[in-house]
Protein chains: 2
Amino acid sequence: MVKAKSQTCCTTSEKLALPDVAWAEDLAKLTWALAHPARVRIVRLLLNRESCVCGEIVEEMPLAQSTVSQHLKILKESGLVKGEIDGPRVCYCINADAMAKLKKLIADL
Amino acid sequence: MVKAKSQTCCTTSEKLALPDVAWAEDLAKLTWALAHPARVRIVRLLLNRESCVCGEIVEEMPLAQSTVSQHLKILKESGLVKGEIDGPRVCYCINADAMAKLKKLIADL
DNA sequence: TTGCCATATCGTATATCGACGATAGACAAT
DNA sequence: ATTGTCTATCGTCGATATACGATATGGCAA
């Protein structure tokens, strides 16, 4: 379809430093945590509510408790979410530092 | 370990509108495109170079040409990257609109 | 202790990812 | 037309994601 004339493309061809691999892995890890609609919704939920026990999250999602628990585990592993034991429940909340890091990495893209 | 006293958690408990499902899927689709270090590096490469033919990307990455092509396909499907046929080559570049959308969605989290 | 509740983990099935080599298709040059 | 180059797609493999129900764990209350 689109047929560009030669040389209209690829404006800069000087040698480019390879983007830092560790940095790419950092960002990929954080974005991967958000790479599923259920996890996006969980994060939104936590941001709206400040914090939230697991059971409330399960109620809001059309997923089994065990599935939600797995998503929460992934979010915890990414660092985006923290979980604190609060008696018989677990209270989840956003890790503001990790969220800020994600926002900065994306904004600086 | 960390043992919060009851009621120090879950500060807001009013009814919360379910985050928009379509919106969550939108963001998940974009973040998923970046959820792999190789794709993050490709995006960085394209941002640095304005545009870039496929072959140059392959040279920068420790991956087979077919693998890079697959990652590019995923990036195209997410909308983050556009590819224009330029004679025998394909010139890839960032879709600024999609990138702006991603940045806004993340910033507004 | 016993039982109850909330959460995590296990086990399993299916689907998708991510990698590669091989091959097909498109285009330019000869 | 033939050849060579560049890119996309196919086929395949192992690894991992995602979902669920069943079960284990941990804390609280009686």
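All chains are named by letter (A, B, ...) in the order of the sequence lines, taking the proteins before the strands, and each is independently numbered beginning at 1.
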message: Quick test of your reading: applying side-chain hydrogen bond (donor to acceptor under 3.5 Å, both in side chains), list the pairs with at least one residue in residues 67-76 of chain A, sequence neighbours left out, ordered by first then second residue.
response: A:Arg39-A:His71
Separation of [X] atom [atom1] from [N] atom [atom2], in whole Å?
| X | N | atom1 | atom2 | result |
| --- | --- | --- | --- | --- |
| B:Glu77 | C:dG18 | CD | P | 12 Å |
| B:Leu72 | D:dA8 | CG | C1' | 10 Å |
| A:Lys73 | D:dA19 | NZ | P | 15 Å |

Between protein and nucleic acid, restricted to nucleotides 3-7 of chain D and to nitrogen or oxygen atoms under 3.5 Å apart, what atom pairs and distances do you find?
residue, atom, partner, partner atom, Å
D:dT7, OP1, B:Cys54, N, 3.2
D:dT7, OP1, B:Gly55, N, 3.4
D:dT7, OP2, B:Gly55, N, 2.8

message: Using the rule that Ile, Leu, Val, Met, Phe, Trp and Tyr join whenever any side-chain heavy atoms are under 4.5 Å apart, tell me whether A:Leu27 and B:Ile74 fall into a single cluster.
response: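 No, separate clusters.
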Cluster check B:Val43, B:Leu45: I/L/V/M/F/W/Y, side chain < 4.5 angstrom: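 Yes; tracing contacts between hydrophobic side chains, which count when under 4.5 Å, links both residues.
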query: Charged N to carboxylate O below 4.0 Å: is that the case for B:Arg49 and B:Glu56?
result: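 Salt bridge between B:Arg49 and B:Glu56, a charged N being under 4.0 Å from a carboxylate O: yes.
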Expected list for residues 93-109 of chain B: side-chain donor-acceptor pairs under 3.5 angstrom, two or more places apart:
residue, atom, partner, partner atom, Å
B:Asn95, OD1, B:Asp97, N, 3.0
B:Asn95, OD1, B:Ala98, N, 3.4
B:Asn95, ND2, B:Gly79, O, 3.2
B:Lys101, NZ, B:Asp26, OD2, 2.7
B:Lys103, NZ, A:Ala107, O, 3.2
B:Lys104, NZ, B:Asp108, OD2, 2.6

- request: Please step through side-chain contact (heavy atoms from CB on, under 4.5 Å) for the pair A:Leu34 and A:Leu80, ending with a clear verdict.
  value: CA-CA 9 Å; A:Leu34 285 183; A:Leu80 278 179; 4.2 Å; yes
List, with names and distances, any nitrogen or oxygen atoms from the protein found under 3.5 Å away from nitrogen or oxygen atoms belonging to nucleotides 12-18 of chain D.
residue, atom, partner, partner atom, Å
D:dT18, OP2, A:Arg39, NH1, 3.0

- prompt: Are B:Arg41 and A:Trp23 in a cation-pi contact, defined as NZ or CZ under 6.0 Å from the six-membered ring centre and within 45° of the axis?
  reply: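 Because its charged atom misses either the 6.0 Å distance or the 45° angle limit, B:Arg41 does not stack over A:Trp23.
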Minimum side-chain heavy-atom gap A:Glu84-A:Val90 below 4.5 Å: no
